[in-house]
There are 2 protein chains.
Amino acid sequence: MAYNIPVEATLDVIGGKWKVVIMCHLIKEERRTSELKKIMPTITQKMLTQQLRELEQDGVVNRKIFDQVPPKVIYSLTKYGWSLRPILDAMCAWGEHHIETVEDVEKNREV
Amino acid sequence: MAYNIPVEATLDVIGGKWKVVIMCHLIKEERRTSELKKIMPTITQKMLTQQLRELEQDGVVNRKIFDQVPPKVIYSLTKYGWSLRPILDAMCAWGEHHIETVEDVEKNREV
DNA sequence: CAGTATCCCCTTCGATACTG
DNA sequence: CAGTATCGAAGGGGATACTG
């Protein structure tokens, strides 16, 4: 609480380890749990659920449950979540443009 | 390495706990270490140095050392660091616009 | 299929003390 | 003033097993 600088509020919402990645996927299309897991091969079930819960609590992500067997749950961005789009777009664009540079630098850091 | 989605490269560079906050300050003006510590009251010396070192290794931040006693070091964004400006601006703007909402939500989460 | 519950490692981070 | 080193606590996060 009582942020020293407003951008800390932004970080509170999108600062989780996987949140930006999840939202970047959901910005393109809504997804069910199993789809998210498939397109994010390295995330664990636990982290996926945990991050989605937090996004949901923050009002960024909507969770639609279909009452059927087997269960089906679809996640999508809320209107509030869409307000983050400029940030997500900028982050995605930067990543696409600089990915080779970053990969090189990070590789050297491992040594 | 080998990101599953390009935005992960972005997160590798700005994903640290304090990196965005530091860069948001440096985007306004270059700062010396003691100034950064002053405007970020809750960061520890250790974390400040650590995050700055990583930003420096990633080529985002420049470290200018004045050879004098007592020591003086000034940090600023590199040209490469300035390429992140659209992201930082978007994050700062969103935070300013939604800070009350976020503060309320986060407060309730603590309960 | 979607989610929860444990166990537990191991990284992160704070506190403190110390150097040039 | 700027930075390093060390120690220890805290919790993030993985692996696994289990439920409806």
Side-chain angles (χ1 to χ4, degrees), chain A residues 1-4 8 11-23 25-26 29-58 61-77 106 109-111, chain B residues 1-4 8 11-22 25-26 29-58 61-76 106 109-111:
Chain A
M1 296 310 90
Y3 302 117
N4 289 298
E8 291 180 350
L11 292 169
D12 254 4
V13 176
I14 69 171
K17 187 179 183 184
W18 297 93
K19 289 181 185 177
V20 167
V21 175
I22 291 172
M23 295 180 72
H25 286 304
L26 294 184
E29 50 183 319
E30 53 180 32
R31 294 284 197 177
R32 50 188 302 190
T33 315
S34 55
E35 292 175 329
L36 285 172
K37 234 182 307 190
K38 194 167 189 177
I39 55 182
M40 301 171 62
T42 58
I43 197 173
T44 59
Q45 164 84 25
K46 180 186 175 182
M47 287 310 297
L48 179 58
T49 303
Q50 185 185 108
Q51 299 283 292
L52 284 168
R53 286 294 171 286
E54 292 183 14
L55 289 170
E56 194 189 351
Q57 281 178 46
D58 284 335
V61 157
N62 188 268
R63 182 164 175 252
K64 185 164 53 181
I65 307 169
F66 293 78
D67 193 14
Q68 62 179 53
V69 178
K72 177 177 175 182
V73 176
I74 289 197
Y75 293 96
S76 58
L77 291 186
E106 300 299 320
R109 183 187 287 177
E110 291 174 10
V111 182
Chain B
M1 298 312 93
Y3 303 117
N4 289 300
E8 291 181 350
L11 292 169
D12 254 4
V13 176
I14 69 170
K17 186 177 183 184
W18 297 93
K19 288 181 184 176
V20 168
V21 175
I22 291 172
H25 285 304
L26 293 185
E29 50 183 319
E30 55 179 32
R31 294 283 196 176
R32 50 188 303 189
T33 314
S34 54
E35 290 174 331
L36 286 173
K37 234 182 308 190
K38 193 167 191 177
I39 55 181
M40 301 170 62
T42 58
I43 197 172
T44 60
Q45 164 84 22
K46 179 186 176 184
M47 287 309 298
L48 178 59
T49 305
Q50 184 185 107
Q51 299 282 294
L52 283 168
R53 285 295 171 286
E54 292 183 13
L55 289 170
E56 195 187 352
Q57 282 178 46
D58 283 335
V61 157
N62 189 268
R63 180 163 175 254
K64 185 164 54 180
I65 307 169
F66 294 77
D67 194 14
Q68 61 179 53
V69 178
K72 177 177 176 182
V73 176
I74 289 196
Y75 293 96
S76 57
E106 300 298 321
R109 183 187 285 175
E110 290 174 10
V111 183

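- Checking C/dG3, D/dG14, D/dA2 against the side-chain heavy atoms of A/Thr49 singles out C/dG3 as nearest.
- B/Lys46 has its NZ atom 12 Å from the C1' atom of D/dA9, to the nearest Å.
- Counting to the nearest Å, the P atom of C/dC1 and the CD atom of A/Gln68 are 12 Å from each other.
- Taking only side-chain nitrogens and oxygens, B/Thr44 comes nearer than 4.0 Å to OP1 or OP2 of C/dG14.
- The side chain of B/Pro71 has D/dA2 as its nearest neighbour among D/dG20, C/dG14, D/dA2.
- What separates CZ of A/Arg53 from P of C/dA5 is a distance of 11 Å, to the nearest Å.
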What verdict does the side-chain contact (heavy atoms from CB on, under 4.5 Å) test give for A/Leu77 and A/Asn62, after you've listed the backbone C-alpha separation in whole Å, the side-chain angles of each residue and the deciding distance to 0.1 Å? CA-CA 6 Å; A/Leu77 291 186; A/Asn62 188 268; over 6 Å; no
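- For the pair A/Met40 CE and D/dG13 P, the computed distance is 12 Å after rounding to whole Å.
- Of all nucleotides listed (C/dG3, D/dA2, D/dG13), D/dG13 comes nearest to the side chain of A/Lys17.
- For A/Phe66 and C/dG3, the CZ to P distance is 12 Å, given to the nearest whole Å.
- Here the nucleotide nearest the side chain of B/Gln45, chosen from D/dT4, C/dA2, D/dG13, is D/dT4.
- Considering only the side chain of A/Tyr75, C/dG3 comes nearest among C/dA2, C/dG14, C/dG3.
- Taking a pair to require two hydrogen-bonding distances under 3.5 Å in either a Watson-Crick or a G-U wobble arrangement, C/dG20 pairs with D/dC1.
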Test A/Leu48 against A/Trp18 for side-chain contact (heavy atoms from CB on, under 4.5 Å), laying out the working first. CA-CA 8 Å; A/Leu48 179 58; A/Trp18 297 93; over 6 Å; no
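- For the pair B/Leu36/B/Leu26, a side-chain contact is recorded, criterion being any heavy-atom separation below 4.5 Å from C-beta on.
- Protein atom CE of A/Met47 is 14 Å distant from nucleotide atom C1' of C/dT11, rounded to whole Å.
- Here C/dG14 presents its P atom at 8 Å from CD1 of B/Ile43, a figure rounded to the nearest Å.
- Between the C1' atom of D/dA15 and the CG atom of A/Leu48 lies a distance of 16 Å, rounded to the nearest Å.
- You'll find the side chain of A/Arg32 reaches within 4.5 Å of the side chain of A/Ile74, heavy atoms only.
- Contact annotation: B/Arg31 side-chain N/O to D/dA2 OP1/OP2 distance is not under 4.0 Å.
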Would A/Gln51 and A/Val21 count as a side-chain contact (heavy atoms from CB on, under 4.5 Å) here? Give the steps. CA-CA 11 Å; A/Gln51 299 283 292; A/Val21 175; over 6 Å; no
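- Regarding contacts with the backbone of C/dC1, every side-chain N or O of A/Arg32 stays at 4.0 angstrom or more from both OP1 and OP2.
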